[in-house]
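Reading through the structure tokens given below for one structure.
Lettering follows sequence order; numbering is per chain, from 1. Since we're looking at a predicted model, the values are computed, not measured.
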Number of protein chains: 2
Amino acid sequence: MGASAGSAKTGRSAKVGRPAKDSREKDAREAILDVAEERFAKHGFHGVTVREVASAAHVNTALIHYYFNSKKELFDAVFMRRAETINRDRLDSMDAYEARLGDRVSVEGAIEAFLHPVLKRLHEGGEGWRNYFALVGLVNSTTAWGGEVMTRYFDPVIHRLIDLIARALPGASKQDLYWSYNFLSGSLTLSLAETGRIDRLSEGVCRSDDIPALEPRMIAYAAAGFRSVCVRSA
Amino acid sequence: MGASAGSAKTGRSAKVGRPAKDSREKDAREAILDVAEERFAKHGFHGVTVREVASAAHVNTALIHYYFNSKKELFDAVFMRRAETINRDRLDSMDAYEARLGDRVSVEGAIEAFLHPVLKRLHEGGEGWRNYFALVGLVNSTTAWGGEVMTRYFDPVIHRLIDLIARALPGASKQDLYWSYNFLSGSLTLSLAETGRIDRLSEGVCRSDDIPALEPRMIAYAAAGFRSVCVRSA
DNA sequence: GTCTATAACTGGATAGAC
DNA sequence: GTCTATCCAGTTATAGAC
């Protein structure tokens with residue numbers, strides 16, 4: 001996806017028939033994005049230097065400016081790269097669910113359709129996706145500009161979820177629905193951040209990267225929460 | 001608390017019998033902490049410069065180093081200043097609740113005892129506490145060092161909550177309890193961050209600083225969530 | 001305790017060769 | 001496209017006067 005688009009755009013052709021240790025041989029642009037993604041996720045925008053990214057990506061700072069103009073635009077490129085893919089996934093997932101269930105949509109089903117594409121990629125998508133989601137988690141709790149960035153990229157998906165749940169809980173007030181969503185959003189983004197907090201807190205009983213343990217619990221927890229908050233208005 | 005300890009330590013005595021426009025006229029050290037708290041909460045550790053803090057606090061950088069030695073120690077001082085107060089509050093609140101209810105503790109009651117001291121200060125504690133909680137929210141989602149910092153400062157309070165809930169849900173598994181707590185923690189810290197996200201998302205229907213609207217919903221949501229996740233193990 | 005001045009260094013960004 | 005070399009603004013931190 002992102003990779004091929006990038007190659008096409010920059011018009012590179014194989015310069016050296018590199019031996020390839022994994023059939024991979026990303027071009028520099030993708031390598032920069034991958035490294036930047038990892039660093040930004042761990043340390044935030046200001047905690048990363050372009051020199052550091054350059055060195056870890058085995059290029060130098062001039063090349064980063066060549067591709068992205070500025071550190072800020074590099075960050076935006078990182079954030080945008082996977083946003084469209086995951087948004088498409090989630091919208092498709094919810095559309096399919098609604099098409100299947102029609103008027104029979106349930107809160108659990110809606111939440112699962114909303115969460116599953118993310119958790120699946122978190123679990124099976126490799127390091128890149130894991131880093132990306134950690135970054136989303138961090139941005140979501142950033143007071144200064146987090147709310148604004150999240151709005152720009154993710155609002156349509158969320159409105160789709162809220163519409164679905166509203167069908168499952170007819171009569172629920174907008175206020176109750178939005179507050180409940182906010183609680184779900186917090187739970188999700190903390191899980192995405194994978195800070196290892198729960199590992200330490202539970203002394204190893206839970207592991208923050210144990211998605212198969214997380215997913216059913218998160219769905220059950222959120223669905224019960226929504227119902228409990230929204231029921232009085234319904 | 002932190003203030004008096006700080007004064008004693010640095011051996012300051014009232015230099016001027018201060019006129020007071022609000023009985024306030026904080027000494028420089030507190031002014032520095034207040035400003036740093038606000039900036040760190042908004043922009044994170046690396047997004048703030050000590051020059052900027054100095055200038056906003058109407059002192060200069062040398063004084064900051066005089067009091068705190070380094071930027072890192074300034075950050076720690078900010079984080080620590082209110083931690084003990086709020087931890088004491090929450091432990092007292094849960095102790096009082098358990099003393100009152102004994103074997104009759106409920107999930108709702110336990111969660112309320114855990115949340116209320118925080119939400120009360122968020123609502124009525126003024127700007128300082130609001131900034132502090134936003135900082136806690138940000139740190140909690142910081143992959144690099146967030147989990148560790150939170151562990152150091154807040155674990156005892158959380159174990160107290162989990163014990164209480166375990167009494168209300170006898171037989172619940174540790175795993176279910178910890179996962180559920182993690183969901184609650186995410187909801188709480190996102191609310192603390194006050195990113196304005198929910199305001200934008202709901203187009204004004206909800207406001208992230210509307211604690212009286214938030215509190216009952218958060219309690220209901222979390223309690224239903226805990227019950228739903230933990231019931232099968234109970 | 002608070003200031004000025006500055007040391008010592010790191011940051012993002014660019015010019016220009018290849 | 002990718003590199004070397006470099007500019008210079010901004011950073012933390014300290015020395016030393018008052």
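Look at CD on Glu30(A): it is 12 Å from P on dT2(D), rounded to the nearest Å. Going from atom CD1 of Ile64(A) over to atom P of dA15(C) covers 18 Å, rounded to whole Å. What separates NE2 of His65(A) from P of dT2(D) is a distance of 16 Å, to the nearest Å. Taking atom CD of residue Glu73(B) and atom C1' of nucleotide dT12(D), one finds them 13 Å apart after rounding to whole Å. Going from atom CG of Asn60(A) over to atom P of dA15(C) covers 16 Å, rounded to whole Å. Rounded to whole angstrom, the span from the CG atom of Leu74(A) across to the P atom of dG11(C) amounts to 15 Å. Here the C1' atom of nucleotide dA5(C) and the CG atom of Leu63(B) are 16 Å apart, to the nearest Å. One can place NE2 of His58(B) at 16 Å from C1' of dC3(C), the figure rounded to the nearest angstrom.
Under the rule for a ring pair (Phe, Tyr, Trp, His ring centres under 6.0 Å), Phe114(A) has no partner lying at least two apart in sequence or in another chain. Under the salt bridge (Lys or Arg N to Asp or Glu O under 4.0 Å) criterion, Glu194(B) pairs with no residue at all, not counting sequence neighbours.
Atom CZ of Arg207(B) has 12 or fewer heavy atoms from other residues, nucleotides or ligands within 6.0 Å.
Within the structure, every side-chain polar atom (N or O) of Tyr66(A) is placed at least 4.0 Å from both OP1 and OP2 of dC3(D).
Less than 6.0 angstrom separates the ring centroid of Trp145(A) from the ring centroid of Phe75(A).
Here dT2(D) is the nucleotide among dT2(D), dA13(C), dT4(C) with the atom lying nearest to any side-chain atom of Ala28(A). Closest to the side chain of Thr49(B), from the set dT11(D), dA13(C), dG1(D), is dT11(D).
In this structure, the side chains of Arg121(B) and Asp89(B) come closer than 4.5 Å at one or more pairs of heavy atoms. Contact check for Leu214(A) versus Met218(A): side-chain heavy atoms found under the 4.5 Å cut-off.
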Restricting both atoms to N or O, compile the protein contacts to nucleotides 5-9 of chain D shorter than 3.5 Å, with distance only.
none

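Between Asp34(A) and Arg81(A) a salt bridge is recorded (basic side-chain N to carboxylate O distance below 4.0 Å).
Counting non-hydrogen atoms under 4.0 angstrom, Val48(A) reaches the backbone sugars and phosphates but no base.
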